[in-house]
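Model, not experiment: these values are computed from the prediction. Side chains included, hydrogens not; waters and symmetry mates left out as well; all remaining heavy atoms used.
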Amino acid sequence: MFVKERKSPLKLLQTEALLNRLKPIDHPKRSLIEQDLKKRKAGYQGEKTVDFHLSFLSDKQYLIFNDLRLPIAPTSFQMDSVLVTPYYILPIEIKNISGTLTIDPEFNQLTKEFNGAETGYPDPIAQATRQKLFLQKWFHNNKLLCPPVEFLVVFSNPSTILRMSPGQKRISPYDRMIHAQNIVREISKFNTLYTREVVNLKKIKRLFLNQHRVNYSSILPTYQLTESDLIKGVLCEICREIMVRKTRIWFCPHCLHLSKTAHLQAIEDYFLLIKPTITNGELRKFLQLFSTRTATLILQSLNLQKTGNTKGTLYMKNRKNRN
């Protein structure tokens, strides 16, 4: 069963918000951002493909956590998916790469051949091995007995061709690289290998969910952009022009659309593009509001955490509402 469902990745949401807010319409970075959005959407769809195959593991002995990030001081580590059973734990690294992939264990490299061009990638086995080591360290840091930890590298695109470099055989650990449609079969092999109950499912579920953290970072520096490159204001839900605030309602002078909630997406854009906290003054600046009282009423109407009681009061999303 899925304990932590997969949501749209933060970076994908940030990229969509950036394209909606980027000015001017012919900004020189727009084409690159559009290409990155396409890749991030494809990656997300690939992860959902793996989720589909994992959904056949309906037994309650399987706990599946998607996009889980756990702390190991002084940093943290992220797993695309992790399967927890009473007998072992299985981190799953998901790859959405099309074309013909050649694995070279000698150079720890993956080479992609597609449309006559070659592209090199880091060895995904090395990456998955690091995730395994991080997870083992997490158990140690939490003073827990570490159960057997396996791993799989799963390729979500069924048309991807996997092959070893000349002279190399598909032996351990490279036999852990599989297509998504084979994941249930591989898990059944682990079920045969591990039969002793060593995992407290309730405890691990509680710790994983309580310790999960969102890794927020602004997307603007990725493209050498600043806040000045963004359109400010509340965008019309119909025509995408800037709306103005009337008495308790937003009005679009361009298409005459009226809305009571158009500011919600603008505030979400702020959290995605600027930072995960906001003050009354910052809200007024971003929404192009003049009234401090209106900004206060808007902030108080939202399910936000608040720190402070002065004009510098910070508002932020509740942790349970984050990815």
Side-chain angles (χ1 to χ4, degrees), residues 2 4-9 11-12 35-57 62 64-69 77-85 88-135 149-191 193:
F2 289 95
K4 185 177 181 296
E5 298 281 353
R6 193 179 307 282
K7 299 180 181 179
S8 294
K11 194 66 72 177
L12 171 57
Q35 292 175 27
D36 287 347
L37 177 60
K38 184 177 179 181
K39 293 176 184 176
R40 286 165 183 151
K41 283 184 174 180
Y44 179 47
Q45 289 303 316
E47 290 173 342
K48 291 172 69 175
T49 296
V50 175
D51 291 345
F52 168 74
H53 292 286
L54 288 173
S55 69
F56 291 101
L57 300 173
Y62 298 109
I64 303 168
F65 300 80
N66 286 329
D67 194 21
L68 184 69
R69 180 176 291 275
F77 69 104
Q78 183 266 347
M79 294 173 284
D80 294 333
S81 293
V82 57
L83 174 70
V84 179
T85 78
Y88 63 92
I89 295 184
L90 180 69
I92 300 169
E93 180 69 26
I94 301 172
K95 299 296 183 185
N96 184 63
I97 308 175
S98 56
T100 299
L101 307 182
T102 302
I103 302 99
D104 190 338
E106 186 175 354
F107 289 98
N108 294 116
Q109 181 172 280
L110 183 72
T111 304
K112 167 185 170 180
E113 297 176 29
F114 188 73
N115 291 337
E118 282 193 343
T119 306
Y121 294 87
D123 185 350
I125 292 295
Q127 182 180 359
T129 301
R130 284 195 300 272
Q131 301 302 324
K132 173 181 176 178
L133 294 174
F134 287 149
L135 186 55
V149 178
E150 295 287 350
F151 67 82
L152 288 173
V153 176
V154 179
F155 290 85
S156 59
N157 192 329
S159 65
T160 300
I161 298 173
L162 300 175
R163 68 185 184 191
M164 302 299 296
S165 59
Q168 300 287 343
K169 294 183 179 180
R170 186 172 176 265
I171 58 176
S172 183
Y174 290 91
D175 56 351
R176 304 296 175 86
M177 298 176 63
I178 63 170
H179 284 100
Q181 63 266 27
N182 298 325
I183 192 167
V184 173
R185 184 182 67 188
E186 292 300 316
I187 290 171
S188 67
K189 294 179 183 178
F190 294 130
N191 292 342
L193 183 61

- Task: Only counting residues at least two apart or in another chain, list the ones meeting ring-ring contact (aromatic ring centres under 6.0 Å, His included) with Tyr44.
- Result: none

For [X], what residues pass the side-chain hydrogen bond (donor to acceptor under 3.5 Å, both in side chains) criterion, not counting sequence neighbours?
| X | result |
| --- | --- |
| Ser156 | Asn96 |
| Lys189 | Glu186 |
| Glu118 | none |
| Ser98 | none |

Pairs of donor and acceptor atoms involving the side chains of residues 128-135, under 3.5 Å and at least two apart or interchain, shall be tabulated with distances.
| residue | atom | partner | partner atom | Å |
| --- | --- | --- | --- | --- |
| Thr129 | OG1 | Ile125 | O | 2.7 |
| Lys132 | NZ | Val149 | O | 3.3 |

- Item | Lys11, NZ atom: more than 12 neighbouring heavy atoms under 6.0 Å | yes

- Message: Can you list everything that forms a side-chain contact (heavy atoms from CB on, under 4.5 Å) with Ser165? Sequence neighbours excluded, please.
- Response: Thr102, Asp104, Pro105, Gln168

- Task: Mind checking side-chain contact (heavy atoms from CB on, under 4.5 Å) for Lys39 and listing every partner two or more places apart, or none if nothing turns up?
- Result: Asp36

- Task: Name all pairs fulfilling the salt bridge (Lys or Arg N to Asp or Glu O under 4.0 Å) condition that reach into residues 44-57, sequence neighbours left out, sorted by first residue then second.
- Result: Arg6-Glu47, Arg6-Asp51

Can I get a per-line list of side-chain donor-acceptor pairs under 3.5 Å for residues 170-184, giving both atom names and the distance, sequence neighbours left out?
| residue | atom | partner | partner atom | Å |
| --- | --- | --- | --- | --- |
| Arg170 | NH2 | Asp175 | O | 3.2 |
| Arg170 | NH2 | Met177 | O | 3.0 |
| Tyr174 | OH | Asp123 | OD2 | 2.6 |
| Arg176 | NH1 | Glu150 | OE1 | 2.6 |
| Arg176 | NH2 | Glu150 | OE1 | 3.1 |
| His179 | NE2 | Thr160 | O | 2.6 |

- Can you run down the ring pair (Phe, Tyr, Trp, His ring centres under 6.0 Å) pairs that involve residues 107-131, sequence neighbours left out, and say none if there aren't any? none

- Item | Contact check, side chains of Leu83 and Ile187, non-hydrogen atoms, under 4.5 Å | yes

- Message: Holding to salt bridge (charged side-chain N to carboxylate O under 4.0 Å, His left out), I want the full list of residues that pass it with Arg163, two or more places apart in sequence or in another chain.
- Response: Glu113

- Query: Side chains of Glu5 and Asn66: do they bring a donor and an acceptor to under 3.5 Å?
  - Reply: no

